[in-house]
Asks: 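Please read through the structure below; I'll follow up with questions.
Heavy-atom basis, side chains included; hydrogens, waters and symmetry copies ignored. In each ligand, atom 1 is the first atom listed, and ligand 1 is the first ligand listed.
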Amino acid sequence: DRPTEPIFIGKGDDNVSFDVPAEYLTDRYKPLASDIQNRFSGGKTISVSKLSSIPDLSFPLQLGRDKAFSLFIPYHSKMAAKLIEIFMASKTFDDLLSLAVYARDRVNPYMFIYALSVVVTHRPDTRNLELPSHVEMFPSLYMDATVFGRAREESAVVQTGSRTPIEIPHDYSANDLDFEHRISYFREDIGINLHHWHWHLVYPFDGPVEIVNKDRRGELFFYMHEQILARYNMERLSNDMNRVVRLTNWRSPIVEGYFPKLDNILANRVWPPRPVNATLSNINREVEQISFDIEDLERWRDRIFNAIHSGFIINTAGQQVRLTEADGINILGNLIEASILSLNQNLYGSLHNNGHNAISFIHDPDNRFLENYGVMGDSATAMRDPIFYRWHAYIDDIFQEFKATIPSYTVQNLSFDNVRVQSVEISATGIPRNELATFWQQSDVDLSRGLDFLPRGSVFARFTHLQHAPFNYKITVENNGNQRVGTVRIFIAPRYDERGLPFLFREQRKLMVELDKFSVTLTRGRNEITRRSIESSVTIPHEVTYRNLDRNRPATNTEAAAAFNFCGCGWPQNMLIPKGSAEGFQCQLFVMISNGANDQVENAQADGQTCDNASSYCGIRNSRYPDARSMGYPFDRTPRDGVVTLQQFLTPNMFVQDVRIRFSNRTVAPLQNRVGSQQTSKNPPA
Ligand code: CUO
């Protein structure tokens with residue numbers, strides 16, 4: 001009883017059809033079924049069984065297909081949560097496939113992809129499926145809108161194979177009259193924005209509780225965003241800019257403007273800009289069912305500070321829940337964001353999320369102009385806007401206020417008996433010792449999957465991004481005890497502040513950027529540890545960030561493996577090291593070996609198939625966070641009495657090495673084969 005009307009849904013070169021039950025077709029497509037079948041026949045067909053009954057999708061269907069969807073809007077995130085719940089409840093893979101096919105032409109497409117991506121990442125029977133890269137599905141969220149007109153022209157006129165990539169200009173969103181534009185290469189980096197999108201995909205704040213309630217998710221919300229800020233500030237100092245200023249005053253005009261130059265293809269609109277000196281106001285938008293006042297934000301803020309200073313929060317039952325050294329940060333992370341794990345949203349509200357909303361609707365707070373939210377309303381685009389960092393600096397400062405209330409690490413908390421780090425060195429081919437080399441690099445991304453036009457076939461956009469020469473750490477350690485396991489923790493921070501004065505510990509600790517963390521077995525005596533930069537526990541390789549950069553070319557083994565271990569969450573490898581400066585930006589490289597016995601976590605498995613290659617910021621899929629210490633250890637707290645400088649903080653199992661980051665203003669062309677940080681990075685500019 002399965003009428004076969006294949007419908008093409010893939011784009012680009014993967015000519016895949018779904019053999020869709022006729023009952024699934026929407027009214028618009030029913031009369032066109034055979035025409036569509038003729039046009040798209042050939043290629044691979046996937047059969048889709050018909051469900052005996054379709055679950056109730058009425059709530060997710062409340063959002064029109066042509067409307068903008070934002071996870072920060074509770075009405076929307078509740079709809080997505082419902083859709084996720086319905087997909088998760090499918091008994092078998094075939095049922096899920098069938099339901100997804102049914103929903104695809106009915107549900108808002110952006111919500112559909114979001115919900116399905118969450119589900120595919122979390123269901124045991126789909127976990128190992130490869131999701132296409134988000135930038136391939138929704139390229140318009142990640143690059144200059146003018147690219148698409150040119151891509152359309154290229155694909156209409158030029159045959160596949162002879163097409164040339166469309167170059168995205170380096171300066172498309174502003175020029176240097178805007179001071180903040182100096183650092184747009186960071187804010188608008190495709191890989192960074194993909195990381196942020198993926199992080200929020202892995203750690204949704206709403207949805208079925210078994211998906212939301214991941215080990216230490218509130219703490220990771222704090223730590224991952226704290227690291228974004230540390231990296232952003234280091235990038236700013238590299239460019240002679242001051243550290244980001246917290247958005248403390250919500251009544252005054254916001255001096256930073258942002259004009260995204262992005263198309264919102266789904267909502268058939270451009271993304272609204274924010275002119276300089278825009279002012280926040282109360283939000284009351286019927287259409288998104290969202291209303292709150294700036295005063296609400298202020299009340300929630302005051303209650304949160306109150307809780308931090310009292311040492312406890314009040315839960316919904318009116319009981320005190322202590323903000324302990326072990327759990328306080330996790331409770332606060334969920335409370336401030338707020339996720340559904342917040343212990344009392346009535347009292348503490350949803351400060352961070354509604355900050356995103358207040359900023360993203362600043363241009364049309366009551367919807368009188370029928371305008372959509374700005375880039376701050378979507379985790380795929382929020383990091384493009386300078387205001388993102390000012391808002392998150394404010395949020396981070398609240399967490400720091402809490403960290404200042406818990407005990408500092410004692411010398412004993414930091415030491416590893418009989419272990420002494422004797423030296424640390426950075427080396428890279430053709431580059432002076434203890435120097436890091438940065439430069440520009442170009443890469444290509446295929447637009448065809450995310451664009452609706454014929455004729456099909458790959459058409460590439462070529463973008464320019466920061467890159468560094470790969471390097472090795474060499475760490476020499478003396479172990480005067482028995483053979484033991486240690487955890488190597490590597491951070492980098494700028495040496496001097498905006499005025500050229502050496503940083504004091506209390507400020508420098510907040511600029512400590514995690515570069516890597518890994519276990520080592522220390523034999524008795526002298527140990528030489530060598531570690532490659534591309535092994536970092538913070539980053540994912542280029543080919544995982546961008547996946548399938550060129551689908552006309554067979555994947556290499558590394559890429560196939562990377563695709564299989566689909567993760568997507570992870571800082572992009574090319575952004576591991578800040579830009580630095582032509583003179584050589586002076587930094588301090590910090591290495592610590594902590595006692596592995598105190599760091600170990602039971603049930604934190606890393607079997608190579610669990611998304612464990614960027615665990616520092618993303619955790620491990622289906623597993624506990626693999627480090628028992630507080631995230632950010634040993635820099636997450638104010639220092640013990642008497643410690644003023646980093647040097648004074650050191651115990652024998654730590655070492656600081658001065659290093660420089662030297663930037664050379666040249667651009668390396670994309671490699672012939674288009675993919676692979678491996679090859680890319682083995683060929684630094686001469
Ligand atoms: Cu990631 Cu504000 O949480 O954007």
Asks: Can a side-chain donor-acceptor contact be found between His356 and Tyr373 if the only test is distance below 3.5 angstrom?
Replies: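 No, no side-chain donor-acceptor contact under 3.5 Å.
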Asks: Report yes or no: is the cationic atom of Lys214 (NZ for Lys, CZ for Arg) closer than 6.0 Å to the six-membered ring centre of Tyr203, at no more than 45° off its axis?
Replies: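 Yes, a cation-pi geometry.
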Asks: When you draw lines from atom 1 (Cu) of ligand 1 to NE2 of His225 and to NE2 of His200, what angle lies between them, to the nearest 10°?
Replies: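 That angle is 110°.
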Asks: Going by the atom numbers of ligand 1, which of them fall below 4.0 Å from some non-hydrogen atom of Phe221?
Replies: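 Taking each heavy atom of Phe221 in turn, ligand 1 has 3 (O) under 4.0 Å.
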Asks: Take the angle between the ring planes of Trp571 and Tyr617 and call it parallel below 30°, perpendicular above 60°, tilted in between.
Replies: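 Judged by the thresholds at 30° and 60°, the geometry between Trp571 and Tyr617 is perpendicular.
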Asks: His196: which N/O/S atom is nearest atom 1 (Cu) of ligand 1?
Replies: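 The atom in question is NE2.
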Asks: When you check the gap from the basic side-chain N to the acidic O, do Glu298 and Arg301 get nearer than 4.0 Å?
Replies: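 Judged by the 4.0 Å cut-off on N to carboxylate O distance, Glu298 and Arg301 do not form a salt bridge.
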Asks: Near His392, which atoms of ligand 1 are under 4.0 Å from a heavy atom of that residue?
Replies: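 This gives 2 (Cu), 3 (O), 4 (O) as the contact atoms.
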Asks: Within the structure, is a non-hydrogen atom of Trp199 found at a distance of less than 4.0 Å from ligand 1?
Replies: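 So Trp199 does not count as touching ligand 1.
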Asks: Looking at His352, which atoms of ligand 1 are within less than 4.0 Å of one of its heavy atoms?
Replies: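 Result: 2 (Cu), 3 (O), 4 (O).
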Asks: Is the charged tip of Arg384 near the ring of Trp271: under 6.0 Å from the six-membered ring centre and within 45° of its axis?
Replies: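 Judged by the rule (NZ or CZ under 6.0 Å from the ring centre, within 45° of its axis), Arg384 is not positioned above Trp271.
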Asks: Spell out, as yes or no, whether a donor-acceptor pair under 3.5 Å connects the side chain of Glu514 to the backbone of Val538.
Replies: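 No, the answer is negative, given that no donor and acceptor are paired below the 3.5 Å cut-off.
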Asks: Give the contacting part of Trp391 toward ligand 1: side chain, backbone, both or neither, where contact means a heavy-atom distance below 4.0 Å.
Replies: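 None of Trp391 does.
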Asks: Closer than 4.0 angstrom: is that true for some heavy atom of Phe388 and an atom of ligand 1?
Replies: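 Flag set, Phe388 near ligand 1.
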